[in-house]
Amino acid sequence: MLLSRHRRVLPGFRLTLGFTLFYLSLIVLIPLAATFAKTGALTWPQFRHAVASPTALAAYRLSFGASFFAALVNAFFGLLVAWVLVRYKFWGKRFMDALVDLPFALPTAVAGITLATLYAQNGWIGRWLAPYGINVSYTPLGVFVALTFIGLPFVVRTVQPVLQDFDQEVEEAAASLGANRLKTFFRVILPVIFPALVTGFALAFARALGEYGSVVFISSNIPLKTQIVPVLIMSKLEQFDYAGATALAVVMLGVSFLLLLTINWLQWWNTRHTHRPE
């Protein structure tokens, strides 16, 4: 009886932990170690030249700037989309809910070609923007549009379950105590969904930093203007400059790890202060 009570469907802890460590090492740890090892073959002047050249600095500014603002826009509009899908019933709701996942299913190359065609000066959308001097395709603005497109589902799918589990009676209690809609949102709803919103922002930001397929078509990949870091890494690989490519990859990894640690700390701080007993 005691044996059947402690019986597990999967194998024991040691075996499953062994498989877990093996899988993580094969997929994550070994490639990361190889990246750092390849970069270690460079001398400090060579490393500095690879990661701090004018072309690399311009690619950093465009990659991090466009990714940040794209994730910021997605955090706002992703919250609105999740709110509409959770709080309202309307015709076509299931279709709209499925449409949110389109960037997940659509190949990035197809997305890039489609966006470049739509926002070109003679495209369906670009022709209406061209008279106002707004050019999207083959400009930094096109990079921002592509990164916004691929990042929206991360925010929606992260915030949506939290809104579904939120008890609306809490809102009714706040309204009965005299709180208006704005105060109810900022004092009652936002503290609950804020950790999920920050997580969605982080996921969208991280996804945008590594995006290649959709950006390479809508941007003209001009060095110092519209070239992002993943494209610069690919160009170095095509030139057989493996050490320079891994040096750029190490910089991107380091910055990404710092950003993720900062975001995790903010989530911990927000959760601690939100649930602190009075």
Side-chain angles (χ1 to χ4, degrees), residues 53-75 77-78 81 98-157 200-242 244-249 251-253 255-256:
S53 64
T55 303
L57 293 177
Y60 293 146
R61 286 192 293 267
L62 181 58
S63 294
F64 285 100
S67 299
F68 176 81
F69 286 109
L72 200 63
V73 170
N74 281 328
F77 287 101
V81 173
L99 202 61
V100 171
D101 294 327
L102 182 62
F104 284 152
L106 193 66
T108 55
V110 176
I113 295 174
T114 303
L115 291 174
T117 303
L118 289 175
Y119 286 97
Q121 292 188 357
N122 58 347
W124 289 356
I125 300 177
R127 69 178 61 181
W128 300 102
L129 301 176
Y132 300 97
I134 302 176
N135 297 320
V136 179
S137 293
Y138 317 119
T139 65
L141 182 59
V143 177
F144 168 79
V145 170
L147 298 183
T148 304
F149 172 79
I150 57 99
L152 179 64
F154 292 94
V155 179
V156 176
R157 296 311 182 203
F201 170 85
L203 292 173
F205 182 73
R207 177 68 178 84
L209 282 179
E211 177 60 19
Y212 173 80
S214 61
V215 177
V216 73
F217 289 100
I218 197 171
S219 68
S220 53
N221 304 318
I222 302 176
L224 302 176
K225 292 184 178 181
T226 60
Q227 190 176 56
I228 60 174
V229 177
V231 176
L232 180 59
I233 293 175
M234 287 298 300
S235 66
K236 287 185 174 295
L237 291 176
E238 292 173 353
Q239 299 168 7
F240 303 101
D241 185 8
Y242 301 120
T246 53
L248 292 173
V251 172
M252 295 293 286
L253 280 173
V255 175
S256 299

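- Note that CG of L203 is 12.0 Å distant from CZ of F205, once rounded to the nearest 0.5 Å.
- Heavy-atom minimum distance, S235 versus Q227: OG-NE2, 4.3 Å.
- In terms of heavy-atom proximity, A75 sits nearest to V155 at CA-CG1, 3.9 Å.
- Every pair tested for ring pair (Phe, Tyr, Trp, His ring centres under 6.0 Å) that includes a residue from residues 115-153 fails, sequence neighbours excluded, so the list is empty.
- Nearest heavy-atom pair, D241 versus G244, reported as atom, atom and distance to 0.1 Å: OD1-N, 3.1 Å.
- In terms of the ring pair (Phe, Tyr, Trp, His ring centres under 6.0 Å) criterion, residue partners of F201 (sequence neighbours excluded) are, by chain and number, F68.
- Judged as a side chain to side chain donor-acceptor pair (under 3.5 Å), and not counting sequence neighbours, the contacts of S220 are T226.
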>> Set out, in order, the CA-CA distance, both residues' side-chain angles and the distance that settles side chain to side chain contact (heavy atoms under 4.5 Å, CB included) for N74 and T148, then state yes or no.
In response: CA-CA 6 Å; N74 281 328; T148 304; 3.4 Å; yes

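- Rounding to the nearest 0.5 angstrom, the gap separating the CG atom in L118 from the CD1 atom in I218 is 8.5 Å.
- Partners of D101 by side chain to side chain donor-acceptor pair (under 3.5 Å), not counting sequence neighbours, listed by chain and number: R157.
- With values rounded to the nearest 0.5 angstrom, L232 atom CG is found 10.0 Å from L237 atom CG.
- R127 places no side-chain N or O within donor-acceptor distance of the main-chain N or O of Q121, the cut-off being under 3.5 Å.
- The distance from the CE atom of M234 to the CG atom of L248 is 13.0 Å, given to the nearest 0.5 Å.
- To the nearest 0.5 Å, atom CG of residue L147 and atom CG of residue L152 are 13.0 Å apart.
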Could you go through residues 54-64 and list every donor-acceptor pair under 3.5 Å that involves a side-chain atom there, pairing it with any protein atom two or more places apart or in another chain?
from	atom 1	to	atom 2	distance (Å)
Y60	OH	V51	O	3.2
S63	OG	A59	O	2.9
S63	OG	V229	N	2.8

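- Under the rule for a side chain to side chain donor-acceptor pair (under 3.5 Å), S137 has no partner lying at least two apart in sequence or in another chain.
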>> For a side chain to side chain contact (heavy atoms under 4.5 Å, CB included) check, start with the C-alpha distance between L141 and N135, then their side-chain angles and the critical distance, and finish with the verdict.
In response: CA-CA 8 Å; L141 182 59; N135 297 320; over 6 Å; no

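- To the nearest 0.5 angstrom, T108 atom OG1 is 8.0 Å from F217 atom CZ.
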